[in-house]
Amino acid sequence: MTERVLANLEAKFAEGNYYDILQSYKALYNRFSTQKKYKETVALLESGCNKFLEYKQWNCAADLAKLLVECYKNFKTQYSNESKEPIIKIFKNFKGECAGKISFMRDAIEWSSKNGGDSKGSEEFHSLLAITLSEEGDYIDAQKHFIFGNDYFAFCEMLKNWTEDVDEEEKDLYITRAIFGLLCLKKLKQASDLYNLFTTKVIKGDPSPLLNFDRFLLLTLERDALPLFNLLRQKYERSLKRDPQFKKFLDQIANIFYNVPLQSGGGGLGGMLSNLLSGFGGMGGNSGSGLASMDVDSQSVELDEMD
């Protein structure tokens, strides 16, 4: 029955009346859903999405893709390799800009977060959305999803493209904001990997004091070294004042890695991330302290001499 219905629908695409075809898919979706026919519903929507994509009817495909996520939600489908595969395949087959494609993946991220995926949503979904947003030039929104994702090579490439027309002395702000965002999710290894990629591929010349702070911070967080963490903040205070949001994020990082209580009224992590990652602009200043070495409670880190 289902195969015959799908065959009849697919045969109509040659006629080019895409609106009527879409309405037929939606009517069948409602019927199958009401009858609790899960497999038939999923097969219908997958087939319809793929056919509309084949004919480059992006908006129609996006409508059915969002219904697929709705189906997953209604049937309480758990996030798994099997359930995520159609979403990934459909999303990758969109070409060019399409607002519906973006909202489809946002819906998929929400579904995955509540049905067995990561509590912040599937890292793979976040990365796919981040790459698409980056390709469309929406770097601020892309960065938010890269932080929740798992593709740090693509993250670095996005930062490289974003900073192409930025003054060299301002590029350290971009990587610092990205690193702080990752550290607020306790992604220390990922933050270190991104720092190494960025400083290798993007930064020209000697590292700035802020980049030196980033490097020493990442090393410090690998161990139980709160006094050293606090001394780093003190010694690089002038550089950190280049972005007023940095203090709040370092307080959050201290709470996450060293259980330092947060002051009341600090706001939620989601709001902080939004503020941090949307805060790109002309913040001047590039200062640091000339410290050769630090020794705190017998825990030492060798620091470079800085001007």
Query - Closest approach of E170 to V166 (non-hydrogen atoms, all atoms of both residues) - result: CB-CG1, 3.5 Å
Query - salt bridge (Lys or Arg N to Asp or Glu O under 4.0 Å) evaluation trace for E85 with K89 - result: CA-CA 6 Å; E85 184 178 353; K89 179 181 177 182; over 6 Å; no
**Report entry** Same cluster (ILVMFWY, side-chain, under 4.5 Å), F153 and F148
**Finding:** no
Query raised in the report: At their closest point, which heavy atom of Y258 faces which heavy atom of R223, and how far apart are they?
Result: OH-O, 3.0 Å
Query raised in the report: Any side-chain heavy-atom pair from F229 and L217 closer than 4.5 angstrom?
Result: yes
Report task. Could you grab the distance from atom CZ of F94 to atom CG of N59, nearest 0.5 Å is fine? Result -> 8.5 Å
Requested in this report: Establish whether L197 and W162 are linked, either directly or via other cluster members, by ILVMFWY side-chain heavy-atom contacts under 4.5 Å.
Outcome: no
Query raised in the report: When rounded to the nearest 0.5 angstrom, what is the spacing between CD1 in I175 and CG in L194?
Result: 4.0 Å
Report task. Over all heavy atoms of both residues, which pair between G149 and K187 is shortest? Give the atoms and the distance, please. Result -> O-NZ, 3.0 Å
Query raised in the report: Does CD belonging to Q35 count more than 12 external heavy atoms closer than 6.0 Å?
Result: yes
**Report entry** Min side-chain heavy-atom separation M105-I87 under 4.5 Å
**Finding:** yes
Query raised in the report: Is there a path from L173 to I140 through hydrophobic residues (I, L, V, M, F, W, Y) whose side chains come within less than 4.5 Å of each other?
Result: yes
Requested in this report: Using a 4.5 Å cut-off on heavy atoms from C-beta on, say whether the side chain of K144 contacts that of L133.
Outcome: no
**Report entry** N150 to S127 - nearest heavy-atom pair and separation
**Finding:** N-OG, 2.8 Å
Query raised in the report: Any sub-3.5 Å donor-acceptor pair from W58's side-chain atoms to K101's backbone N or O?
Result: no
**Report entry** Partner of F180 by ring-ring contact (aromatic ring centres under 6.0 Å, His included), out of F246, Y195, F249
**Finding:** F246
Query raised in the report: Which word best sums up how the rings of F104 and F91 line up, parallel for under 30°, tilted for 30 to 60°, or perpendicular for over 60°?
Result: tilted
Query raised in the report: Roughly how far apart are W111 CH2 and K76 NZ, rounded to 0.5 Å?
Result: 13.5 Å
Query raised in the report: Are the side chains of F257 and L183 in touch, meaning some heavy atoms are under 4.5 Å apart?
Result: yes
Query raised in the report: Taking C-beta and beyond as the side chain, do N74 and S33 meet within less than 4.5 Å on heavy atoms?
Result: no
Report task. Kindly indicate, with the supporting measurements, whether the criterion side chain to side chain contact (heavy atoms under 4.5 Å, CB included) is fulfilled by I253 and C184. Result -> CA-CA 6 Å; I253 291 166; C184 282; 4.2 Å; yes
Requested in this report: Without swapping roles, check the side chain of K204 against the backbone of E168 for a donor-acceptor pair under 3.5 Å.
Outcome: no
Query raised in the report: Any side-chain heavy atom of K26 sitting closer than 4.5 Å to one from D63?
Result: yes
**Report entry** Atom NZ of K84: over 12 foreign heavy atoms under 6.0 Å
**Finding:** yes
Requested in this report: Give the C-alpha distance, both sets of side-chain angles, the deciding distance and a yes or no for side-chain hydrogen bond (donor to acceptor under 3.5 Å, both in side chains) between Y79 and S122.
Outcome: CA-CA 9 Å; Y79 177 80; S122 163; 2.8 Å; yes
Query - Residues E70, K66; criterion salt bridge (Lys or Arg N to Asp or Glu O under 4.0 Å); working and verdict - result: CA-CA 6 Å; E70 181 180 278; K66 292 170 73 174; over 6 Å; no
Query raised in the report: Do other residues, nucleotides or ligands put more than 12 heavy atoms under 6.0 Å from the OH atom of Y55?
Result: yes
Query raised in the report: Hey, any chance I147 and L188 share a hydrophobic cluster, counting ILVMFWY side chains that come within less than 4.5 Å of each other, even indirectly?
Result: yes
Requested in this report: Give the C-alpha distance, both sets of side-chain angles, the deciding distance and a yes or no for side chain to side chain contact (heavy atoms under 4.5 Å, CB included) between L45 and Y25.
Outcome: CA-CA 8 Å; L45 296 173; Y25 272 102; 5.8 Å; no
Query - Atom pair CE (M158) and OH (Y174), whose distance is rounded to the nearest 0.5 Å - result: 10.5 Å
Query raised in the report: With a 4.0 Å cut-off, would you call E237 and K241 a salt bridge?
Result: yes
Query - Under 3.5 Å: donor-acceptor pair, side chain of S103, backbone of G100 - result: yes
Query - Donor-acceptor pair, side chain of S112 and main chain of I109, under 3.5 angstrom - result: yes
Query - Side chain H126, main chain K120, donor-acceptor under 3.5 Å - result: yes
Query raised in the report: Does the pair K12 and N17 meet the rule for a side chain to side chain contact (heavy atoms under 4.5 Å, CB included), with working shown?
Result: CA-CA 8 Å; K12 294 181 180 179; N17 196 342; over 6 Å; no
Query raised in the report: Taking side chain as C-beta onward, heavy atoms only, is R215 less than 4.5 Å from L211?
Result: no
Report summary line: For F146 and S134, the nearest pair of non-hydrogen atoms, with its separation, is CE1-CB, 4.3 Å
Report task. Measure the spacing between CG of N30 and CZ of F32 and express it to the nearest 0.5 Å. Result -> 11.0 Å
Report task. Would you mind reporting whether P86 and Y72 have side-chain heavy atoms less than 4.5 Å apart? Result -> yes
Query raised in the report: Are any of the side-chain nitrogens in D251 or R233 under 4.0 Å away from the carboxylate oxygens of its partner?
Result: yes
Query raised in the report: Does S47 use its side chain to pair, donor to acceptor, with the backbone of L44 at less than 3.5 Å?
Result: no
**Report entry** Over 12 foreign heavy atoms within 6.0 Å of CG, D20
**Finding:** yes
Requested in this report: Apply the test side chain to side chain contact (heavy atoms under 4.5 Å, CB included) to residues E110 and K73: give CA-CA distance (whole Å), side-chain angles for both, the deciding distance (0.1 Å), then the verdict.
Outcome: CA-CA 10 Å; E110 181 189 10; K73 291 178 180 179; 3.2 Å; yes
Report task. Count the heavy atoms belonging to other residues, nucleotides or ligands that lie under 6.0 Å from NZ of K189, then report whether that count exceeds 12. Result -> no
Query - Point-to-point distance, once rounded to the nearest 0.5 Å, from CG of L159 to CZ of F198 - result: 5.5 Å
Report task. Can you see which heavy atom on L9 is nearest to which on S24, and at what distance? Result -> CD2-CB, 3.6 Å
